[in-house]
Asker: 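One structure is given below, represented as structure tokens, and several questions about it will come after.
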2 protein chains.
Amino acid sequence: MAEKPTHVDSFRVQNDRQRNQTVSTTGCQPFVLPAAESDKLERIIEASPALKKGTHLFHQGDPFMSIFVVRAGTLKTYTVTNEGEEQITGFYFPGEVVALGGIGNDEHPVSAKTLETTTVLEYPYQPLDSLAGQIPNLRTQIVSCMGKEIRDEQQMMLLLSKKTAEQRVATFLYKLSVRFKQRGYSATLFRLSMSRNEISNYLGLAVETVSRIFTRFQKQQLIKVEGKEIEILSLERLYTVSGDEKQSPEQSVQYR
Amino acid sequence: MAEKPTHVDSFRVQNDRQRNQTVSTTGCQPFVLPAAESDKLERIIEASPALKKGTHLFHQGDPFMSIFVVRAGTLKTYTVTNEGEEQITGFYFPGEVVALGGIGNDEHPVSAKTLETTTVLEYPYQPLDSLAGQIPNLRTQIVSCMGKEIRDEQQMMLLLSKKTAEQRVATFLYKLSVRFKQRGYSATLFRLSMSRNEISNYLGLAVETVSRIFTRFQKQQLIKVEGKEIEILSLERLYTVSGDEKQSPEQSVQYR
DNA sequence: CGTCATATTGATACACGTCAAGGCGAGTGG
DNA sequence: CCACTCGCCTTGACGTGTATCAATATGACG
């Protein structure tokens, strides 16, 4: 409702029709199709240039036009309370799909911003949706991505309302580890592309708390922290601390 | 991984092929189609009998087969931490779609349980998805529902990590009001189908806190509480308290 | 090599959880 | 029709996990 500021830091794919250089989607698992169909899909994709740290892919309230897949780098998405408070709703690594919350809405419900130099693929939604009508496989994949987003957010709700600060940080690190491993990187040694501030915001904690827990975990020989470099010394114990471990042989706690 | 208990309280639509009595979807907004196509859709729908309070529609971990639309009554969905803690992830009223988190997954990520006598329509997912291939309009509607679910959950994440107890309760009541109004019921006078316990669980608070805030709001002439009956005396002030109000003419708070 | 953001660490405060004790209403059985 | 019970709700007193405030350290960048 307020006047839209001109987002000088916004990225907009120039819609030049030089769609010859078939974009290589190497390293991106979403939307894998047999060659013939893959070709149709690639015809609608736009590759972004390298976006430097701090660039917005889109702002909350911008008209929803496309979804994006991260090729390299990291993104965060966040909403802003009308009280001006920011809440980070997710971090996105290569191969992950961003902006699904905009589907079925005329505007983006969140902003998306790069945490480091990042490149993305832009999938203009209208053509993508038409294609999805022709290619059942593609439809399934889009819808699956959305389903996963819903499940991830439900997990996050659980974290935010039931877990202690320690469990939150442990969960965060553990899940990062799993994601990195999936992408072929080390599960135990990696670099955090987000600041402590961003971590704390995402986890619903104060920066100081996250900092303290990092050092506490270090003292407990759970992890080794050196600035943004993290080494996980015991994935198992970290998982235990996270509170997600399945335990107690039988606890069919029926709510009533 | 643990042996599945036999859910005696589970509801399963009997798949009898007596699909003559064209199910009336009156009062349900989702999946509205022109007559011809609507007919195809209705052929795959199964109507449930009246499910009494406390019945499970499905349990977390059950194989995902269908999505559901509430016709009458109320449902809650919830996950269980492996520590046995329950977290309610949503309440669903007539016309709303349940189980979207299961799409693209082999099993339901949450359990769904009735809060009162409830009837639902079951949409077996496989046929629904095929139909979505033939009817672009239907595909759009499904995907829109999922988008909305994602957005709602993002809002909830914000609530859980940034809002005070008062703001949470105010938000809860305000949003209920909006939903009731949309369905043609009074926006200011309604009955809570969930217990205080369930409200507090959903909002990430203790029961006592919710109770105290109800009485506090009552003293402030914001609402009138009488057991499960709620009357909202000032929607405007409630909205203000919720913290969602757009305020301060200019606050382009750029995060950095 | 200064400058400014980011991170750590300690001291203190408070919002909300936890514990405990009634109160209230709905269903049940005598 | 009453007494009893059992959930659910409310209210008060108290405890604590984490936020907040403040000071310093560290590191990135021009």
Side-chain angles (χ1 to χ4, degrees), chain A residues 52-54 76 83 85-88 113 115-117 159-173 191-219 223-230 241 243 254-256, chain B residues 52-54 76 83 85-88 115-117 159-172 191-220 223-230 241 243 253-256:
Chain A
K52 67 169 193 283
K53 178 175 173 172
K76 68 170 176 184
E83 285 179 319
E85 293 250 64
E86 169 180 329
Q87 169 63 31
I88 295 176
K113 193 173 181 177
L115 296 184
E116 56 189 327
T117 302
L159 177 146
L160 289 171
S161 81
K162 288 280 173 329
K163 291 192 175 184
T164 65
E166 282 203 355
Q167 290 177 318
R168 295 182 198 198
V169 175
T171 304
F172 177 72
L173 292 174
R191 191 175 176 286
L192 299 173
S193 44
M194 63 293 289
S195 70
R196 299 284 193 276
N197 220 310
E198 287 164 330
I199 296 171
S200 68
N201 180 302
Y202 178 60
L203 296 178
L205 300 170
V207 203
E208 295 91 326
T209 304
V210 171
S211 188
R212 275 185 258 267
I213 289 175
F214 271 24
T215 63
R216 198 181 309 164
F217 280 179
Q218 180 153 240
K219 277 179 192 150
I223 60 175
K224 199 147 107 36
V225 187
E226 207 172 306
K228 306 215 165 214
E229 297 293 332
I230 298 282
V241 175
Q254 199 73 297
Y255 189 86
R256 23 170 319 110
Chain B
K52 67 169 193 284
K53 178 174 174 173
K76 69 170 175 184
E83 285 180 318
E85 292 252 64
E86 170 179 327
Q87 169 64 31
I88 295 176
L115 296 184
E116 56 190 326
T117 301
L159 177 145
L160 289 171
S161 81
K162 289 280 175 322
K163 291 193 176 185
T164 65
E166 281 202 356
Q167 290 177 319
R168 295 183 198 198
V169 175
T171 304
F172 177 71
R191 191 174 177 286
L192 299 174
S193 45
M194 64 293 288
S195 69
R196 300 285 195 274
N197 221 309
E198 287 164 332
I199 295 172
S200 68
N201 180 301
Y202 179 60
L203 296 177
L205 300 170
V207 204
E208 295 92 327
T209 305
V210 171
S211 186
R212 275 186 258 268
I213 289 175
F214 271 24
T215 62
R216 198 180 307 163
F217 280 178
Q218 181 153 240
K219 276 178 194 153
Q220 294 168 186
I223 60 176
K224 198 146 109 36
V225 187
E226 207 173 307
K228 307 216 163 213
E229 298 292 331
I230 298 282
V241 174
V253 193
Q254 199 72 299
Y255 189 87
R256 14 175 327 105

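Letters go in sequence order (proteins before strands), and every chain restarts at 1.
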Asker: Identify the pairs formed between an N or O of the protein and an N or O of nucleotides 21-26 of chain C at a distance under 3.5 Å, and give each distance.
Answerer:
none

Asker: For the pair made of NZ in B:Lys163 and P in C:dA15, what is the distance, rounded to whole Å?
Answerer: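 Whole-Å distance recorded here is 18 Å.
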Asker: C:dT6 P sits how many Å from A:Leu192 CG, rounded?
Answerer: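 A:Leu192 atom CG is separated from C:dT6 atom P by 15 Å.
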Asker: Taking all atoms of both residues into account, what is the closest heavy-atom pair of A:Phe217 and A:Val241, and its distance?
Answerer: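 Nearest pair, atom of A:Phe217 first, then A:Val241: CZ-CG1, 4.0 Å.
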Asker: Indicate yes or no: at least one non-hydrogen side-chain atom of B:Val210 is less than 4.5 angstrom from one of B:Arg212.
Answerer: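 Side chain of B:Val210 against side chain of B:Arg212, heavy atoms only: no contact under 4.5 Å found.
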Asker: Measuring from atom OG of B:Ser200 to atom CD1 of B:Ile88, what distance do you get when rounded to the nearest 0.5 angstrom?
Answerer: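 If I round to the nearest 0.5 Å, the distance is 7.5 Å.
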Asker: Distance from B:Ser195 atom OG to B:Lys228 atom NZ, nearest 0.5 Å?
Answerer: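 Here the rounded value is 5.5 Å.
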Asker: Could you tell me how far apart B:Leu205 (CG) and D:dT18 (C1') are, to the nearest whole angstrom?
Answerer: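 Whole-Å distance recorded here is 16 Å.
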Asker: Give me the distances for all protein-to-nucleotides 9-13 of chain D N/O pairs that come in under 3.5 Å?
Answerer:
residue, atom, partner, partner atom, Å
D:dC9, OP1, B:Arg196, N, 3.2
D:dC9, OP2, B:Arg196, N, 3.2
D:dT10, OP1, B:Arg196, NH2, 3.1
D:dT10, OP2, B:Arg196, NE, 2.8
D:dT10, OP2, B:Ser211, OG, 2.9
D:dT10, O5', B:Ser211, OG, 2.9
D:dT11, OP2, B:Thr215, OG1, 3.3
D:dG12, N7, B:Arg212, NH1, 2.8

Asker: Are the charged groups of B:Glu166 and B:Arg216 less than 4.0 angstrom apart, N to O?
Answerer: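 Judged by the 4.0 Å cut-off on N to carboxylate O distance, B:Glu166 and B:Arg216 do form a salt bridge.
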Asker: Classify the nucleic acid contact of A:Ala206 as base, sugar-phosphate or nothing, counting any heavy atom under 4.0 Å across all strands shown.
Answerer: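 Result for A:Ala206 = base.
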Asker: Taking side chain as C-beta onward, heavy atoms only, is A:Leu205 less than 4.5 Å from A:Arg168?
Answerer: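 When only atoms from C-beta onward are counted, A:Arg168 and A:Leu205 do touch, with a gap below 4.5 Å.
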Asker: So does A:Lys113 pair up with A:Glu86, basic N to acidic O under 4.0 Å?
Answerer: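 No, this pair does not count.
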Asker: Could you state the atom-to-atom distance from CG of A:Asn201 to C1' of C:dA5 in whole Å?
Answerer: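 For the pair A:Asn201 CG and C:dA5 C1', the rounded distance is 17 Å.
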Asker: To the nearest 0.5 Å, what is the distance between OG on B:Ser193 and NZ on B:Lys53?
Answerer: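 The NZ atom of B:Lys53 is 9.5 Å from OG of B:Ser193, to the nearest 0.5 Å.
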